[in-house]
Amino acid sequence: MDINKANNNKPFWFVFLLVANILPIFLWPLIFFSSIFLFDAPGSHTSTWIVFILMNSYPLVLIGNCIFSYKTYTKNPRRSMLLLSGSLGVILFLTLYIIFM
């Protein structure tokens, strides 16, 4: 299947939202490296492991969201737009919260 043929039926905004949802994954190595320091505190137990797993599994959530949105676009484009925009909104909110906290 030609890649140009597959993307011809998708509008620009949809492809833009898909790419914008994948871009935060490039920060994952930095987040993984900094998350290993969670275990430096004495007495870190179960809650530290839960935070560690949640911090490092966010790329799986983003990739799953993109795949689900891409598959459901033909049935319901509005739902796909809301899923992609919602995840971008959460990422933007958390980024601004961390910066200005």
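Fair warning: this is a prediction, and the values are worked out from it, not measured in the lab.
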Euclidean distance, [Y] [atom2] relative to [X] [atom1], rounded to 0.5 Å:
X	Y	atom1	atom2	value
Asn65	Leu60	CG	CG	12.5 Å
Ser80	Lys71	OG	NZ	12.5 Å
Ser35	Trp28	OG	CH2	8.5 Å
Leu84	Phe16	CG	CZ	11.5 Å
Trp49	Leu54	CH2	CG	13.0 Å
Leu23	Leu18	CG	CG	11.0 Å

Find out whether [X] and [Y] are in side-chain contact, i.e. whether some heavy atom of one side chain is under 4.5 Å from a heavy atom of the other.
X	Y	value
Leu62	Cys66	no
Phe32	Met55	no
Tyr58	Ile31	yes
Arg78	Leu83	no
Ile91	Thr95	yes
Tyr73	Arg79	no
Ile25	Ile22	yes

Check: Leu17 main-chain N/O paired with Asn21 side-chain donor or acceptor under 3.5 Å:
yes

Honestly curious: do [X] and [Y] fall in one hydrophobic cluster under the side-chain, below-4.5 Å linking rule?
X	Y	answer
Leu30	Phe26	no
Ile50	Phe52	no
Leu27	Phe33	yes

Sort out for me which residue in Leu88, Val90, Leu96 forms a side-chain contact (heavy atoms from CB on, under 4.5 Å) with Leu92.
Leu96

